[in-house]
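For reference, the structure is listed below as structure tokens.
A note on names: the letters A, B, ... follow the listed sequences, proteins ahead of strands, and every chain is numbered from 1.
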2 protein chains.
Amino acid sequence: MIENVTGRRLKTTQASLEILSLILEHDGLTLAELDSMVDSSKSSICSHLNTLLESRYLVKHDGVYHVSFRVALLGERARHRYPNDEVVERVVDELARATDQEANFTIFEHGRLLMCYGSSTEEGRDANGTRYRSEYHLHNTAAGKAILAELDRDEVESIIDYWGLPRESEGTITNPDQLFDALDEIATKKYAVVDEEFAPNLIAIGAPVHDGDGRIVGGLSVGGPKYQVDMTRLEREFADELLNAVESLESALT
Amino acid sequence: MIENVTGRRLKTTQASLEILSLILEHDGLTLAELDSMVDSSKSSICSHLNTLLESRYLVKHDGVYHVSFRVALLGERARHRYPNDEVVERVVDELARATDQEANFTIFEHGRLLMCYGSSTEEGRDANGTRYRSEYHLHNTAAGKAILAELDRDEVESIIDYWGLPRESEGTITNPDQLFDALDEIATKKYAVVDEEFAPNLIAIGAPVHDGDGRIVGGLSVGGPKYQVDMTRLEREFADELLNAVESLESALT
DNA sequence: TCAGGTGATTTACATTATGGCAACAGTTAT
DNA sequence: ATAACTGTTGCCATAATGTAAATCACCTGA
């Protein structure tokens with residue numbers, strides 16, 4: 001769910017992290033570039049850069065600041081806490097094979113889904129070389145809707161408050177009441193479907209994945225272009241495969 | 001080399017990052033645990049935690065703070081800047097195969113070597129399940145010494161000042177003068193060897209890897225236990241394999 | 001069910017640290 | 001030499017930290 005932070009927040013840390021993010025997103029920035037992107041003084045930016053350099057989160061080459069390789073290692077380490085192993089890959093790949101469509105497993109965090117492993121994900125780029133999205137909304141993805149249907153209404157509301165219901169495709173549900181109606185219907189099943197709500201021509205079916213304590217860890221989903229698989233087949237044939245895969249995954253998560 | 005930061009450093013950011021690191025290293029911490037590890041007030045720690053939560057660097061479950069999966073994704077993204085791809089794996093695996101020993105490629109950063117890819121690295125653990133080290137000193141590793149030999153003397157000195165010359169095995173060079181003598185010898189060759197300087201019974205040969213601009217990116221090394229490969233064979237047979245591998249890698253780094 | 005812990009956050013306010021601004025020192029390209 | 005850009009320094013207004021004490025959220029035994 002959304003972490004409902006009520007206490008004090010530290011602007012210094014926020015500013016440092018924003019600078020770090022900008023450098024990461026732009027694959028390296030100079031002081032001048034940062035100065036034009038960040039609303040704070042040059043000297044202040046320098047202080048942040050000095051701090052991040054000294055902490056080895058950044059590296060500087062020829063006046064350009066880059067995120068360090070050490071950050072990559074820290075991230076790798078952070079990943080150890082999450083289901084990753086061969087299990088996830090095996091289950092997702094098997095689901096993709098069984099349905100002959102793309103499958104993926106996402107982690108549920110802060111009211112969004114973060115891509116953990118996709119059957120065709122290779123170096124985060126698809127066949128066209130465009131970068132895969134790594135963050136998804138819940139309201140317009142199959143696994144996301146299935147997760148929302150399991151949450152308490154106030155939790156859903158806080159997620160809507162935080163992330164909104166942005167339209168990303170023709171069929172995206174952008175109205176809270178409509179969403180709650182949809183969730184009520186889903187609640188009786190163990191899965192949810194999307195019909196061109198995420199991207200045009202794309203349909204998918206998804207379900208939540210729980211850990212040993214029953215907490216929602218993430219979501220598993222599978223789907224493809226409408227000319228390859230229609231809605232009937234999606235629910236008739238894919239639902240079982242999906243739920244089997246969920247079970248395999250959950251039993252592996254102790 | 002070491003980033004020689006002279007300007008102002010921000011304690012707020014440093015404190016936030018220290019808390020983040022502690023949580024990462026301990027795989028989750030409570031406020032009480034952090035309070036006992038960090039020299040700052042509980043209320044202040046809360047402010048840091050609030051900030052890191054809101055920035056989605058942390059996640060909280062049942063009073064325990066964990067590093068978020070999003071951090072893992074950020075790290076993955078940071079890694080894209082570095083040679084990773086199949087090229088590194090191919091070259092390292094080929095070097096390991098040709099010598100029948102363990103090979104690895106490390107990134108040179110902030111005066112240390114960070115593990116990028118090792119031929120037998122699997123999930124960061126070795127056969128015994130113990131976690132692999134991901135950071136290495138330069139003075140007691142083969143690739144590290146080869147890199148030091150290419151640097152200017154003042155750069156080497158600043159690295160020694162920063163990291164020292166900690167003894168990690170019987171043969172570790174812990175005296176600066178001895179190290180400089182060793183580096184002078186290495187300078188005439190394109191590689192360096194370690195003889196039980198890193199770990200008992202372990203010998204290895206390593207060399208620097210440069211990018212298209214001639215900057216040192218990291219190091220490639222290969223070696224194994226002394227009962228499998230002696231020093232003579234290391235320099236006679238492995239040196240060529242190593243230098244070939246370095247060349248392959250460098251030509252792939254444009 | 002209720003009083004009494006226990007630990008997690010938040011508050012209030014004095015003490016320090018940081019942010020913005022502007023001047024200046026160093027480097028590099030023109 | 002000039003211009004352009006990077007990074008540092010000094011000075012106040014603003015923000016963060018330390019301390020102690022007040023809330024809050026749970027849990028537990030009577």
Side-chain angles (χ1 to χ4, degrees), chain A residues 1-23 26 28-66 152 154-155 158 213-215, chain B residues 1-23 26 28-55 57-67 110 152 154-155 158 213 215:
Chain A
M1 285 71 1
I2 305 294
E3 303 297 346
N4 217 354
V5 180
T6 60
R8 176 158 50 184
R9 265 67 54 82
L10 308 179
K11 300 195 178 176
T12 307
T13 298
Q14 288 176 337
S16 289
L17 294 181
E18 189 197 343
I19 288 173
L20 186 67
S21 287
L22 284 172
I23 293 173
H26 291 80
L29 289 173
T30 64
L31 176 60
E33 290 169 328
L34 276 167
D35 189 28
S36 70
M37 307 172 121
V38 174
D39 181 30
S40 82
S41 70
K42 222 173 22 170
S43 70
S44 183
I45 294 173
C46 273
S47 306
H48 289 281
L49 292 173
N50 284 336
T51 310
L52 292 170
L53 267 182
E54 195 183 53
S55 308
R56 299 202 283 147
Y57 277 68
L58 293 181
V59 138
K60 183 174 61 169
H61 286 147
D62 304 325
V64 183
Y65 293 87
H66 293 280
D152 296 337
D154 58 336
E155 292 177 319
S158 85
D213 305 324
R215 194 197 329 272
Chain B
M1 284 65 35
I2 305 294
E3 303 297 345
N4 218 354
V5 179
T6 61
R8 194 205 253 166
R9 264 67 53 80
L10 308 179
K11 299 197 178 177
T12 307
T13 298
Q14 287 176 336
S16 290
L17 294 180
E18 190 198 341
I19 287 172
L20 186 67
S21 288
L22 284 172
I23 293 173
H26 291 80
L29 288 173
T30 64
L31 175 60
E33 290 169 327
L34 276 167
D35 188 30
S36 70
M37 308 173 118
V38 173
D39 181 30
S40 86
S41 69
K42 238 180 351 185
S43 71
S44 182
I45 294 173
C46 272
S47 308
H48 288 283
L49 292 173
N50 284 335
T51 309
L52 291 171
L53 267 182
E54 194 184 54
S55 308
Y57 277 68
L58 293 181
V59 138
K60 183 173 63 169
H61 286 147
D62 304 325
V64 184
Y65 292 87
H66 293 281
V67 175
H110 282 285
D152 295 337
D154 58 335
E155 293 176 317
S158 85
D213 305 325
R215 190 192 339 265

If you take all heavy atoms of [X] and [Y], which pair is closest and at what distance?
X	Y	answer
A:L17	B:L52	CD1-CD2, 4.1 Å
A:R8	B:T51	O-OG1, 4.3 Å
B:V64	B:G28	CG1-C, 3.8 Å
A:S16	B:L10	OG-CD1, 4.4 Å

**Message:** I'd like to compare against my own output: the B/S/- annotation of nucleotides 5-15 of chain D with a strict under-4.0 Å heavy-atom distance to protein.
**Reply:** -BBBB-----S

**Prompt:** Over its full length, what angle do the end axes of the helix from C:dT1-D:dA30 to C:dT30-D:dA1 make, each axis taken from five pairs and the result rounded to 10 degrees?
**Reply:** 40°

Note, [X] side chain near [Y] side chain (heavy atom, < 4.5 Å):
X	Y	answer
B:Y65	B:V59	no
A:H48	A:E18	no
A:L29	A:H66	no
A:R215	B:H61	yes

**Fill in**
For residues 28-47 of chain A, the salt bridge (charged side-chain N to carboxylate O under 4.0 Å, His left out) pairs (sequence neighbours left out) are none

Over how many whole Å does the gap from [X] atom [atom1] to [N] atom [atom2] extend?
X	N	atom1	atom2	value
B:I19	D:dA16	CD1	C1'	13 Å
B:L52	C:dT9	CG	P	13 Å
B:D35	D:dG18	CG	P	11 Å

**Contact under 4.0 Å: B:S41 side-chain N or O vs D:dT19 OP1/OP2** = no

**Message:** Tell me whether the side-chain N/O atoms of B:H48 come closer than 4.0 Å to OP1 or OP2 in D:dA16.
**Reply:** no

**Fill in**
Sequence neighbours excluded, the answer for side-chain contact (heavy atoms from CB on, under 4.5 Å) partners of B:V5 is A:N50, A:L53, A:E54, B:E3, B:R9

**Asked** Sequence neighbours excluded, which residues qualify as side-chain contact (heavy atoms from CB on, under 4.5 Å) partners of A:K11?
**Response** A:Q14

Write down the protein N/O and nucleotide N/O pairs, taken from nucleotides 25-30 of chain C, whose separation is under 3.5 Å; answer none if there are no such pairs.
none

